[in-house]
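Dropping the structure in here first, questions after.
In what follows, residues are counted from 1 in the order of the sequence shown.
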Amino acid sequence: MLAIQDILRNAIEWIDSLGGWGAGVFMLLYIVATVAFLPGSILTLGAGFVFGVIWGSVYVSIASTLGAICAFLIGRYLARGWVSAKIAGQAQFQAIDNAVGKEGWKIVGLLRLSPIFPFNLLNYSLGLTKVSLKDYFLASWIGMMPGTVMYVYIGSIAGSLATLGTERSRTTGEWILYGVGLVATVAVTVYVTQIARRALNEKIAGPERS
């Protein structure tokens, strides 16, 4: 992991030297990293360091959403078997699948706000659910925005590229973001549990009605 982070830091340093081409190259790298399961946090922090808060947030928002869509489509159409094997036997995902089928963008948005669901795997996994591409796009874009802005801001106040992603004390904004993520985690858990319980009750009651 450290080797990958060093490579990404070097890539950010190179992008910083590209001038006007830097934004396009950065977004392309971010999309590839998302599809390839590489950690996006270093790139998000790097965007703040190189481009500043406003443009860094814009570039990361565009790139992370496009990367998430690419992974979603790959999971749905090209690598369905591989993704299915990755999440096989996970009862939690089955419950999420049912919840997404009933609540759509609400569940996707809450999943994006929750820090316990890995970003990269979630992109592929949601491709196997019943959520529409439009709902997935809108909920992902909006749900990822708070974390994007916060980490871009943190990157913008970093002393150097070498410090990006290293251990340090958390800012007040980070604690607020984690608080929002905790609330989202509780909310999505309650949502999923209720929908799973309702579906189970319907299955149990089904034979009695017939």
Next item on the list: Could you tell me which non-hydrogen atom of Ala139 sits nearest to which non-hydrogen atom of Gly109, and how far apart they are?
Entry: CB-N, 3.7 Å

Check: Once the angle between the rings of Phe51 and Phe26 is folded into 0 to 90°, is it parallel (under 30°), tilted (30 to 60°) or perpendicular (over 60°)?
Finding: perpendicular

Margin query: Would the distance check show the side chain of Asp16 and the main-chain N or O of Ile12 forming a donor-acceptor pair, the cut-off being under 3.5 Å?
Written below: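 No: the side chain of Asp16 does not pair with the backbone of Ile12.
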
Next item on the list: To the nearest 0.5 Å, tell me how far Ile154 CD1 sits from Thr44 OG1.
Entry: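 Answer for the CD1-OG1 pair, Ile154 versus Thr44, is 10.5 Å.
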
Margin query: Would you compute the distance between atom OG of Ser140 and atom CG of Leu122 and round it to the nearest 0.5 angstrom?
Written below: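 The CG atom of Leu122 is 7.5 Å from OG of Ser140, to the nearest 0.5 Å.
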
Checklist line | Nearest-0.5 Å distance, CD of residue Gln5 to CG of residue Leu43 | finding: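 Reported value, rounded in 0.5 Å steps: 10.5 Å.
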
Next item on the list: Please name the pair of heavy atoms, one in Thr148 and one in Ser57, separated by the smallest distance, quoted to 0.1 Å.
Entry: CG2-O, 3.9 Å

Check: Quick check: does any side chain N or O of Ser61 sit under 3.5 Å from a backbone N or O of Val58, one acting as donor and the other as acceptor?
Finding: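 Absent.
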
Checklist line | Within one Ile-Leu-Val-Met-Phe-Trp-Tyr cluster: Ile42 and Ile31, side-chain cutoff 4.5 Å | finding: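 Same cluster: Ile42 reaches Ile31 through Ile, Leu, Val, Met, Phe, Trp or Tyr contacts under 4.5 Å.
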
Item checked: Shortest non-hydrogen contact between Gly22 and Ile15, atoms and distance ->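 In this case the closest contact between Gly22 and Ile15 is O-CG2, 3.4 Å.
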
Next item on the list: Please work out which of the three classes, parallel, tilted or perpendicular, describes the rings of Phe72 and Tyr136, given edges at 30° and 60°.
Entry: parallel

Checklist line | Nearest heavy atoms of Pro39 and Leu8, plus distance in Å | finding: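 Here Pro39 and Leu8 meet closest at O-CD1, 3.5 Å.
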
Notebook entry, point to check: Under 4.5 Å between any side-chain heavy atoms of Thr34 and Asn120, yes or no?
Noted result: yes

Note to self: I'd like to know whether Val149 forms a side-chain contact (heavy atoms from CB on, under 4.5 Å) with Val152, so could you lay out the CA-CA distance, the side-chain angles of the two residues, the decisive distance to 0.1 Å, and finally the verdict.
What the structure shows: CA-CA 5 Å; Val149 174; Val152 169; 5.8 Å; no

Checklist line | Inter-residue atom distance Tyr30.OH - Leu38.CG, 0.5 Å rounding | finding: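 Here the interatomic distance stands at 11.0 Å.
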
Item checked: Hphob cluster co-occupancy, Val32 + Val25, side-chain heavy atoms under 4.5 angstrom -> no

Notebook entry, point to check: Passes side-chain contact (heavy atoms from CB on, under 4.5 Å), Ile142 versus Arg112? Steps please.
Noted result: CA-CA 9 Å; Ile142 295 171; Arg112 290 307 189 187; over 6 Å; no

Notebook entry, point to check: CG of Leu133: more than 12 outside heavy atoms within 6.0 angstrom?
Noted result: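 Yes, enclosed.
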
Next item on the list: State plainly whether one hydrophobic cluster holds both Leu78 and Phe37, where clusters connect Ile, Leu, Val, Met, Phe, Trp and Tyr through side-chain heavy atoms under 4.5 angstrom apart.
Entry: yes

Notebook entry, point to check: Minimum heavy-atom separation for Asp135 to Val131, with atom names?
Noted result: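 Heavy-atom minimum between the residues: CB-CG2, 3.9 Å.
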
Notebook entry, point to check: CG of Leu66 to CG of Leu28: how many Å apart, nearest 0.5 Å?
Noted result: 10.5 Å

Notebook entry, point to check: Between Asn123 and Val35, is there a donor-acceptor pair closer than 3.5 Å when you use the side chain of the first and the backbone of the second?
Noted result: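 Judged by distance alone, no pair lies under 3.5 Å.
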
Note to self: Quick check for you: to the nearest 0.5 Å, what is the distance between Thr65 atom OG1 and Met27 atom CE?
What the structure shows: 11.5 Å

Next item on the list: Identify the two heavy atoms, one from Gly127 and one from Arg76, that lie closest to each other, and give their separation to 0.1 Å.
Entry: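 Residues Gly127 and Arg76, closest heavy atoms: O-NE, 2.9 Å.
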
